[in-house]
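Keep in mind that the numbers below use all heavy atoms, side chains included, and drop hydrogens, waters and symmetry copies.
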Amino acid sequence: MPEAPKSDVVTENNKQVLHFIEEVTTNADEIQKKVLAEILTKNAHVEYLQRHGLNGHIDRENFKKIMPAITYEDIQSDITRIANGDKSQILCSQPISEFLTSSGTSGGERKLMPTIEEELARRSQLYSLLMPVMSQFVPDLEKGKGMYFLFIKSEAKTPGGLPARPVLTSYYKSPHFKNRRPDPYTNYTSPNDTILCSDSYQSMYSQMLCGLCQNKEVLRVGAVFASGFIRAIRFLEKHWPLLCHDIRAGTINSQITDLSVREAVMKILKPDKNLADFVEAECSKDSWQGIITRLWPNTKYIDVIVTGTMSQYIPTLDYYSNGLPLVCTMYASSECYFGVNLNPLCKPSEVAYTLIPTMGYFEFLPVHRNNGVTNSISMPKSLNEKEQQELVDLVDVKIGQEYELIVTTYAGLYRYRVGDVLRVAGFKNNAPQFNFICRKNVVLSIDSDKTDEVELQNAVKNAVTHLMPFDAHVTEYTSYADTTTTIPGHYVLYWELNVNGSTPVPPSVFEDCCLTIEESLNSVYRQGRASDKSIGPLEIKIVESGTFDKLMDYAISLGASINQYKTPRCVKFEPIVELLNSKVVSNYFSPKCPKWVPGHKQWNNMN
C-alpha cells in the first residue's frame, strides 16, 4: 500500500478545502441558481418535468411557479415503475443506479430514494470537508487513527433488479470507500473486511478487537449515531473476557467464521499479554465511568450524531467518556447530503450545520408550531397556493425562524419535502447555519426508527383486540422511548385500563399485545428488532386508574389550557415519566422478535 501523504501535503489540502468552503458560502445564491439550472438542463426531457409543463425552463421563477412541492406519496407510482424495471427517463435523464432506503417509511415500508452513479462523488466530496474543518480545532489528528464502528445493513433487490439499501451501506460498498486513497484522516482501526461483514456480531467483535489492539494509536472514536456507539461499549462490557483471551493468545475466536474477516484481523492481532492484562484490569473494575479514556487514553473526542432524538444518549456518553467533547460533523439523509458543522467542538445543544450550496437546490417552508403541551410539529400533506408561495431560497431565510427543508437533487427529486425541521442559528458568509430541531410528526425513536402518532395509534388499535374476551379496554395511553434502563433502548407504552370482566387478563395476553404492536409497526422498527438488534423488546406498563387525570392536572399546573389539553401520545419530560412510573401496577415485554425480511412486502410476494 502506498504511503500516506506527508504533513505538508495534508496542510495544503486542508487549505484548499477551507478555501472551497469560504468560496461557496460567499457565493451561495449564485451557486444555488447555477445548481438548479444544471439539474433542469440535464433533466429537461424527463417525463416528470414534462408532465408538469416545465417545458425546458431552467430559471428559478418558472420552476417555482410551475413545479409543486411534493411528498413521497406524490411520486410513489413513478418510483414503483422504476423499481419494477421501467428504464425510461421518468425522473432523471441518467440511469437510476440503485435505491437508497430511507429510515422514513410510507405505508409501513421504507421509502425508496432514487440515486445515480455520480452522486457517490458528491457524497465523497462532503466527507472530504470534515477533517480539514476538524483539524483547525484539534491539531495532529493525522498522526493517529480513528476507531469508528461502521456497519453495513441488509439489502434487497427490486423486482427490476436494482439494489435497495441504506445510503451508508451503499457508500461503504462503493469503490469511493473501499479503494480510497491513503489518507491519514480515513485511517481507521477497523479493516474494510470487518466493516463489510454482513454478520453484525462478527463485524462488531472484530472491529472491537482491532480497536483494542491499536488502543494507543486511537485519537478519535465514533459511530454514525450515538446509539450505535453505546451499543459497541455495551458489547465490550459483555464480551471483554473473550476479547482479552484473543489478545493474550494472538488468536481469533472460533465464532468468527468469515475467512476474509479472520485474515484481516490476523494482520493486526499479535499475542500481547500486557495489553490483555491491562484491558482485563480496566474492564473488571466495578465502575465503567470513563472507560473510553481509560482504554483509549489518547482519545480527543467522540464523533457521533447527538442532535434530534439522539440527544437522549448524551448523559450515557458523558458517563462512559468522562465528558469528552461530542462532535457532530455532518448533516445528511438518503435524499441528499446537505452540510457540515463548521464549529465541531460546540456543545451538542448548539450544533449548527452550514448547508453547502453545491450539494443540491434548497428551499425552505416556514413552520409554525402547534400550541399545547406536546409542542408537536405537524405539517400539511400538500401545500395550498399561499403556502407554496411562502417557500424561500437558501440565502433568504431569517435568523430564529424554523423551516421545513425542501430539496431538488441531481438524481430526480424536485421540490421534495425531506421532513426535517431546522432553525436558522446564524450565517457563514451568505450561507445559513441550521440547528436540527426534529423530524416532523415523529413521536418515538430509539435508533434509525421513526414512529409517528398515526402508526402508533393503529398498532395499539390492533393490539387491544386481545383484551376483548376479558371485557377490558384501554381508556388512555401514552408512550416513551426508554434509552436509560436498557441497552439497546426500547419502546414503553403506558396503558390505563377499564376492566369489566370477572376474569383477570393473563400476563400472556399482555405479552401478545406487545408483540401485536411490534408486528404492526413499520419495517425499519422491525428490522431494528429482528435483524440489527438495535432496539429492545417493547414493554407495556399498566398504570393504576386515574393516572391520566393526574397527568392532566400536572400539565395544567405547568400552564396548559384545560380546554386545549390533549393526552400526549409520547412523553419525554422527566417529571412526567417519573409520575407515570410511580403509578405502574404491572409490566410485560414482547416475548419474541416481530417478523421481518429485507425488501418490500410486495417484492417478497413476487418471488
Side-chain angles (χ1 to χ4, degrees), residues 1-28 31 119-148 150 168 171-172 174-190 192 214 217-224 296 298-305 324-332 337-348 350-359 425-434:
M1 193 175 186
E3 277 184 42
K6 298 285 184 282
S7 61
D8 51 346
V9 179
V10 170
T11 307
E12 185 51 41
N13 177 58
N14 288 358
K15 273 188 198 157
Q16 284 174 14
V17 166
L18 297 174
H19 176 71
F20 168 80
I21 292 171
E22 206 58 43
E23 202 177 355
V24 296
T25 54
T26 302
N27 304 314
I31 289 169
E119 276 297 290
L120 277 165
R122 206 166 277 111
R123 282 179 226 135
S124 297
Q125 186 194 24
L126 197 75
Y127 284 122
S128 75
L129 308 182
L130 304 180
M131 293 312 294
V133 169
M134 197 70 213
S135 64
Q136 297 175 100
F137 299 87
V138 183
D140 299 331
L141 286 170
E142 71 278 6
K143 294 179 178 169
K145 294 189 176 188
M147 181 179 72
Y148 283 75
L150 308 174
L168 289 171
Y171 179 68
Y172 298 148
S174 75
H176 288 268
F177 180 80
K178 291 199 293 190
N179 307 333
R180 61 194 185 277
R181 286 201 313 256
D183 178 340
Y185 292 142
T186 56
N187 191 1
Y188 302 133
T189 54
S190 300
N192 284 357
Q214 302 167 82
E217 295 173 67
V218 171
L219 298 183
R220 53 199 170 102
V221 299
V224 179
W296 296 277
N298 300 317
T299 304
K300 306 241 191 310
Y301 63 89
I302 302 179
D303 183 349
V304 285
I305 293 170
L324 279 176
L326 302 175
V327 169
C328 298
T329 53
M330 67 185 281
Y331 170 39
Y337 276 28
F338 301 116
V340 295
N341 179 3
L342 297 180
N343 182 21
L345 292 186
C346 66
K347 292 185 196 146
E350 291 165 10
V351 168
Y353 300 104
T354 304
L355 265 56
I356 300 297
T358 54
M359 300 308 292
F427 280 81
K428 163 72 173 171
N429 298 322
N430 296 310
Q433 301 181 302
F434 293 95

TODO: Using only heavy-atom distances, determine whether the side chains of N14 and S135 contain a donor-acceptor pair under 3.5 Å.
DONE: yes

Task: Atom pair CG (N187) and CD (E217), whose distance is rounded to the nearest 0.5 Å - done: 8.0 Å

Task: Minimum heavy-atom distance between C328 and V304, given as atom pair plus value - done: SG-O, 3.5 Å

- [ ] Please examine the side chains of Y171 and L120, heavy atoms only from C-beta on, and report whether any two atoms are closer than 4.5 Å.
- [x] yes

Task: 4.5 Å side-chain heavy-atom contact, V218 and N298 - done: no

Task: Shortest non-hydrogen contact between P357 and L355, atoms and distance - done: CD-O, 3.4 Å

Open item on the list: Before you tell me yes or no, could you show the steps for F177 and N192 under side chain to side chain contact (heavy atoms under 4.5 Å, CB included), namely the whole-Å CA-CA distance, both residues' side-chain angles and the distance that decides it to 0.1 Å?
Closed with: CA-CA 9 Å; F177 180 80; N192 284 357; 3.7 Å; yes

TODO: Give the minimum heavy-atom separation between S128 and P132, together with the two atoms involved.
DONE: O-CD, 3.3 Å

Task: Verdict with reasoning, C346 to N341, per side chain to side chain contact (heavy atoms under 4.5 Å, CB included) - done: CA-CA 9 Å; C346 66; N341 179 3; 4.0 Å; yes

Task: I356 to V24 - nearest heavy-atom pair and separation - done: CG2-CG2, 4.3 Å

TODO: Identify which one of T299, D303, L324 satisfies the side chain to side chain contact (heavy atoms under 4.5 Å, CB included) criterion when paired with V221.
DONE: T299

Open item on the list: Under the side chain to side chain contact (heavy atoms under 4.5 Å, CB included) test against T25, which residue among T354, I31, N430 passes?
Closed with: T354

Task: T329 side chain near M131 side chain, heavy-atom distance below 4.5 Å - done: no

Open item on the list: Go through it in stages, so that I can follow the logic: the residues are E350 and N343, the test is side chain to side chain contact (heavy atoms under 4.5 Å, CB included), and I'd like the CA-CA distance, side-chain angles, deciding distance and then a yes or no.
Closed with: CA-CA 9 Å; E350 291 165 10; N343 182 21; 5.9 Å; no

TODO: Specify the closest pair of heavy atoms between R122 and M359, including all atoms of both residues, with the distance to one decimal.
DONE: O-CE, 3.3 Å

Open item on the list: Contact between M134 and K300 at the side-chain level, heavy atoms closer than 4.5 Å - yes or no?
Closed with: no

- [ ] List in chain and number order the residues that pass salt bridge (Lys or Arg N to Asp or Glu O under 4.0 Å) with E22, two or more places apart in sequence or in another chain; answer none if no residue qualifies.
- [x] K428

TODO: Measure the spacing between OG of S190 and NZ of K145 and express it to the nearest 0.5 Å.
DONE: 10.0 Å

Task: Side-chain heavy-atom pair Y148, T189 within 4.5 angstrom cut-off - done: no

Open item on the list: If you compare all heavy atoms of V133 against all heavy atoms of P344, which two are closest, and at what distance to 0.1 Å?
Closed with: CG1-CD, 4.1 Å

Open item on the list: Could you measure the distance from the OH atom of Y353 to the CD atom of Q433? Nearest 0.5 Å is fine.
Closed with: 12.5 Å

Task: F338 and F434: CA distance, side-chain angles, deciding distance, ring-ring contact (aromatic ring centres under 6.0 Å, His included) verdict - done: CA-CA 11 Å; F338 301 116; F434 293 95; 10.0 Å; no

- [ ] Report the distance from atom CG of L141 to atom NZ of K143, rounding to the nearest 0.5 Å.
- [x] 10.5 Å

Open item on the list: For Y331 and Y337, I'd like to know if the aromatic rings sit close, meaning centre-to-centre distance below 6.0 Å.
Closed with: no

- [ ] Please tell me if the side chains of L345 and V138 come closer than 4.5 Å, counting only heavy atoms from C-beta onward.
- [x] yes

Task: Approximate separation, where rounding is to 0.5 Å, of T358 OG1 and E23 CD - done: 10.5 Å

Task: Approximate separation, where rounding is to 0.5 Å, of S124 OG and L126 CG - done: 9.5 Å

